[in-house]
Amino acid sequence: MEKVFFAKRENFPSTERLMQAVFSAHYGIRNARIVRGENGKPFLEGNALFFSVSHTEKLYFAAVSEENIGIDAEPTDREIHLPALLSRFPAAERSEIADKTDFLRHWTARESGTKWMGGTLADAFSRLSYSEGRLYYRALPLPVNVTHFDREGHIVALCREKGSADAEFIPFGLL
């Protein structure tokens, strides 16, 4: 089961510092060396664990797994202007988005999928879609599952190949 650590941003100067603390405290990995792939996706050098991070104004969310994973979180109180944003979505997605919560689920699914792939949202946004609970890249289904959680006033999406419908959420660092 994947673990999702969440912490106040004020307690860590960066997501890298958060991940070093998580790896040390929960996995016994001291002096974790975090490096980035060619598209900027972070990974733990010399270890088979995968991780992905998301940050909002107040919180960091970090997913750790034995398989490739992507995470995104958005606060449920986020101000959004639906008509302007929906115009950038394909018709199939627009038909599933009735309100802000629906929009945030679609948005976090897309962004967690982008992180799973190791790309950037700017590159992948026009190629990704999320409809009927499935994530598609260039209209082809990706071999992933996207699971949504409501935690700490946020909608959190995990994108993973074999992940269960659950994840363990763990407060970290004096939350």
Side-chain angles (χ1 to χ4, degrees), residues 1-79 101 104-125 128 130 133 135 142-175:
M1 176 186 309
E2 292 78 16
K3 292 181 181 349
V4 178
F5 300 90
F6 56 98
K8 288 183 180 177
R9 285 184 66 161
E10 66 194 41
N11 293 336
F12 294 93
S14 67
T15 55
E16 186 169 326
R17 290 277 177 89
L18 168 66
M19 293 315 302
Q20 288 171 337
V22 165
F23 288 135
S24 178
H26 284 270
Y27 298 94
I29 302 170
R30 307 277 186 258
N31 302 314
R33 182 162 151 72
I34 297 169
V35 294
R36 296 189 179 276
E38 66 181 57
N39 290 327
K41 182 174 180 164
F43 64 93
L44 183 59
E45 186 175 74
N47 194 292
L49 284 175
F50 291 88
F51 72 97
S52 181
V53 295
S54 181
H55 62 275
T56 64
E57 185 178 325
K58 295 179 182 177
L59 295 178
Y60 289 129
F61 289 87
V64 179
S65 178
E66 293 179 354
E67 68 173 298
N68 190 13
I69 193 162
I71 189 171
D72 188 48
E74 292 290 338
T76 56
D77 64 356
R78 175 183 166 184
E79 293 283 330
T101 299
L104 291 174
R105 289 185 187 284
H106 279 254
W107 183 268
T108 57
R110 283 170 164 244
E111 195 157 341
S112 67
T114 298
K115 291 176 181 181
W116 176 83
M117 293 187 320
T120 64
L121 193 58
D123 292 336
F125 189 86
L128 275 174
Y130 179 73
L135 197 57
L142 288 174
V144 297
N145 297 307
V146 177
T147 310
H148 286 97
F149 304 90
D150 295 314
R151 294 289 193 281
E152 302 300 315
H154 290 73
I155 291 177
V156 180
L158 289 180
C159 180
R160 54 221 166 140
E161 290 175 43
K162 302 175 207 160
S164 68
D166 204 6
E168 182 180 2
F169 280 76
I170 302 167
F172 190 76
L174 305 173
L175 187 64

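Quick note: residue numbers are just sequence positions, from 1. Only heavy atoms go into these numbers, but all of them, side chains included; no hydrogens, no water, no symmetry mates.
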- Does A157 offer a backbone N or O that forms a donor-acceptor pair with the side chain of D72 under 3.5 Å? no
- Item | Result of checking N68, N145, T147 against R160 for side chain to side chain donor-acceptor pair (under 3.5 Å) | T147
- Query: Under a 4.5 Å cut-off applied to non-hydrogen side-chain atoms, are E152 and L59 in contact?
  - Reply: yes
- Measure the shortest side-chain to side-chain distance between F12 and F172 over non-hydrogen atoms and say whether it is less than 4.5 angstrom. yes
- Query: Partners of T101 by side-chain contact (heavy atoms from CB on, under 4.5 Å), sequence neighbours excluded?
  - Reply: D99, R105, I155
- Query: If we ignore angles and hydrogens, is there a donor and acceptor under 3.5 Å between the side chains of H154 and T56?
  - Reply: yes
- Listed by chain and number, what are the salt bridge (Lys or Arg N to Asp or Glu O under 4.0 Å) partners of R9, not counting sequence neighbours? none
- Note on the structure: Residues A62 and M19: closest non-hydrogen pair is CB-SD, 3.3 Å
- Item | Set of residues satisfying side chain to side chain donor-acceptor pair (under 3.5 Å) with respect to R78, sequence neighbours excluded | E74
- List in chain and number order the residues that pass side-chain contact (heavy atoms from CB on, under 4.5 Å) with F169, two or more places apart in sequence or in another chain; answer none if no residue qualifies. V4, F6, F149, R151, V156, A167
- Item | Closest approach of A63 to L158 (non-hydrogen atoms, all atoms of both residues) | CB-CD2, 3.8 Å
- What pairs with S65 under side-chain contact (heavy atoms from CB on, under 4.5 Å), at least two apart in sequence or on another chain? E2, E67, I69
- Query: What pairs with N39 under side-chain contact (heavy atoms from CB on, under 4.5 Å), at least two apart in sequence or on another chain?
  - Reply: none
Could you list the donor-acceptor pairs under 3.5 angstrom formed by side chains in residues 111-118, with sequence neighbours left out?
unit_1, atom_1, unit_2, atom_2, d
E111, OE1, W107, NE1, 3.0
S112, OG, T108, O, 3.0
S112, OG, A109, O, 3.1
T114, OG1, R110, O, 3.0
K115, NZ, V53, O, 2.8
K115, NZ, I71, O, 3.1

- Hey, what do you get for CD1 (I29) to CG (L49), rounding to the nearest 0.5 Å? 5.0 Å
- Partner residues of E79 under the salt bridge (Lys or Arg N to Asp or Glu O under 4.0 Å) criterion, sequence neighbours left out: none
- Find out whether F5 and V64 are in side-chain contact, i.e. whether some heavy atom of one side chain is under 4.5 Å from a heavy atom of the other. yes
- Would you say the side chain of P42 lies within less than 4.5 Å of the side chain of V35, judging by non-hydrogen atoms? no
- Side chain proximity check, V22 to F51, heavy atoms < 4.5 angstrom: no
- Message: Which residues pass the salt bridge (Lys or Arg N to Asp or Glu O under 4.0 Å) test with E57, not counting sequence neighbours?
- Response: none
- Item | Partners meeting salt bridge (Lys or Arg N to Asp or Glu O under 4.0 Å) with K41 (sequence neighbours left out) | none
- Residue pairs passing the side-chain hydrogen bond (donor to acceptor under 3.5 Å, both in side chains) test with at least one member in residues 21-30, sequence neighbours excluded, are S24-R30
- Item | pair Q20-I34: side-chain heavy atoms closer than 4.5 Å | yes
- Item | Under the side chain to side chain donor-acceptor pair (under 3.5 Å) test, residues paired with E45 that sit two or more places apart | R33
- Item | Side chains of L128 and Y130 in contact at under 4.5 Å (non-hydrogen atoms) | no
- Message: Within the supplied structure, the quantity of interest is the number of heavy atoms (other residues, nucleotides, ligands) at a distance under 6.0 Å from H148 NE2; does it exceed 12?
- Response: yes
- Which heavy atom of F23 sits nearest a heavy atom of A32, and at what distance? CD1-CB, 3.9 Å
